[in-house]
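As structure tokens, the structure follows; a few thoughts come after it.
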Amino acid sequence: MRGSVVRILISSLFFLLLSSQSIASQLEPFKATYTARYNGISVTATRELTGQEGNWRLDFSTSALFASIKEYSRFTNQDGSITPYHYEYRRKGLGRDRGTILSFEPDKNMVLNVSNPERDMENVSPNILDKLSYQMQLALDVASGKENLQYEVADGKKIRKYTFAQEGTEILKTPMGKVETIKVRRVRDADSERETTVWIAPKWNYALVKLVQLEENGKKYQITLKNLTINGKTVGAGQ
């Protein structure tokens, strides 16, 4: 399997799932499954939020043939503001195995790279996020109507800045039925040929319904929500 499929499932992660109380800055446990295909190869991705206020854990995993990626973030949510304190990433079967462990110390404005101390980050923003927790922050911000969707994200090597823009609403036909979605686009440099667009459904608690990415070589990748449960209850078109 080519690494591009799994990289898109990681680098463009917007698997954003919140409770119907998201406007009130609350989260509820969920589990979602996504499907994708690339050159006839099926890929399955799972997204799961567990825990409670003061101690949340967001897990992501994907696998195909002999390759797999697993990552998770632990964070708190205070009045709609996400603060991560631990992040781990593991990749196997795509060339050389890789792994990253980050420890966040917001009181010291530091991010410690446990895997490679030479890459510790100092004087970081108190609003720094990791590659999973920023997705939850984005979802909370969209739910609360914020227009300034900019984030600083520690990816293990450096601090990256992500910017997003809302592009209206659209009705999508999905395996779970028709649903109204909010269309959100990643804002990139003017000379970039990559495009990333996601559709999230307020009616389904701000879940990602679809992601489409166009690569510089013209190839197109797409993932689709297959099923979703919130607090153990199955979500469908009638909900």
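Note that the numbering runs from 1 along the sequence shown for the chain. In this text the structure is predicted, and so the values were computed from the model without any measurement.
- With sequence neighbours excluded, the residues that form a ring-ring contact (aromatic ring centres under 6.0 Å, His included) with Y72 are H86.
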- [ ] Could you please spell out the steps behind the side-chain contact (heavy atoms from CB on, under 4.5 Å) verdict for M136 and L49?
- [x] CA-CA 10 Å; M136 301 305 293; L49 178 68; 4.1 Å; yes

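- If you chain together hydrophobic residues whose side chains sit under 4.5 Å apart, I82 and M121 fall into the same group.
- Side-chain atoms of V198 and F164, non-hydrogen and from C-beta on, never get closer than 4.5 Å to each other.
- With sequence neighbours excluded, no residue forms a side-chain hydrogen bond (donor to acceptor under 3.5 Å, both in side chains) with N127.
- Y85 shares a hydrophobic cluster with no other residue; no ILVMFWY side chain has heavy atoms under 4.5 Å from its own.
- To the nearest 0.5 Å, the span separating OG1 on T35 from CD1 on I223 amounts to 8.5 Å.
- Geometrically, R186 engages Y162 in a cation-pi contact, judged by NZ or CZ lying under 6.0 Å from the ring centre and within 45° of the ring axis.
- With sequence neighbours excluded, the residues that form a salt bridge (charged side-chain N to carboxylate O under 4.0 Å, His left out) with K146 are D141.
- Atoms CZ and CG, on R74 and D59 in that order, are 8.0 Å from each other to the nearest 0.5 Å.
- For the atom pair CD of E48 and CZ of R57, the computed distance is 9.0 Å after rounding to the nearest 0.5 Å.
- When all heavy atoms are compared, the tightest approach of W56 to T50 is CE3-O, 3.3 Å.
- In this structure, a donor-acceptor pair under 3.5 Å is absent between the side chains of S192 and D189.
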Open item on the list: Y89 vs L102, test: side-chain contact (heavy atoms from CB on, under 4.5 Å). Steps then yes/no.
Closed with: CA-CA 9 Å; Y89 168 88; L102 301 179; over 6 Å; no

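- V114 and Y87 are assigned to two separate hydrophobic clusters, defined by single-linkage of ILVMFWY side chains at heavy-atom distances under 4.5 Å.
- The shortest heavy-atom contact between A201 and V209 is CB-CG2, 3.6 Å.
- You'll find the side chain of V142 reaches within 4.5 Å of the side chain of Q166, heavy atoms only.
- Scanning both residues, I200 and P202, for their nearest heavy atoms gives O-CD, 3.4 Å.
- Linking ILVMFWY residues whenever their side-chain heavy atoms come closer than 4.5 Å, directly or via other members, places L172 and W204 in the same cluster.
- Note: T181 OG1 to K203 NZ = 12.5 Å, rounded to the nearest 0.5 Å.
- Residues T234 and L228 fail the side-chain proximity criterion, which asks for heavy atoms closer than 4.5 Å.
- By the 4.5 Å heavy-atom criterion applied to side chains, K161 and T163 are not counted as neighbours.
- For R90, there are no side-chain hydrogen bond (donor to acceptor under 3.5 Å, both in side chains) partners at least two apart in sequence or on another chain.
- Nearest approach of P84 to D130, heavy atoms of both residues: CB-OD2, 3.3 Å.
- Partners of E180 by side-chain contact (heavy atoms from CB on, under 4.5 Å), not counting sequence neighbours, listed by chain and number: T169, I171.
- I101 and F75 fall into different hydrophobic clusters, where Ile, Leu, Val, Met, Phe, Trp and Tyr side chains are chained together by heavy-atom contacts under 4.5 Å.
- Evaluation of the side-chain contact (heavy atoms from CB on, under 4.5 Å) rule for E167 yields K183, R185 as partners, not counting sequence neighbours.
- Nearest heavy atom pair, residue G80 against residue L140, reads O-CD1, 3.8 Å.
- Under a hydrophobic-cluster definition in which Ile, Leu, Val, Met, Phe, Trp and Tyr are linked whenever side-chain heavy atoms come within less than 4.5 Å, directly or via other members, Y134 and I159 are assigned to the same cluster.
- The side-chain hydrogen bond (donor to acceptor under 3.5 Å, both in side chains) check on D155 picks up R160, with sequence neighbours excluded.
- Qualifying side-chain hydrogen bond (donor to acceptor under 3.5 Å, both in side chains) partners for N231, counting only residues two or more places apart in sequence or in other chains: E28.
- Annotation for G51 and P29: closest pair O-CG, 4.1 Å, computed over non-hydrogen atoms.
- Residues forming a salt bridge (charged side-chain N to carboxylate O under 4.0 Å, His left out) with E105 (at least two apart in sequence, or on another chain): K108.
- Y34 places a side-chain heavy atom less than 4.5 Å from the side chain of L208.
- Residues satisfying the salt bridge (charged side-chain N to carboxylate O under 4.0 Å, His left out) criterion with D120, sequence neighbours excluded, are absent altogether.
- Residues passing the salt bridge (charged side-chain N to carboxylate O under 4.0 Å, His left out) test with E195, sequence neighbours excluded: none.
- T196 has its side chain within reach of R188: a pair of non-hydrogen atoms, C-beta onward, lies under 4.5 Å apart.
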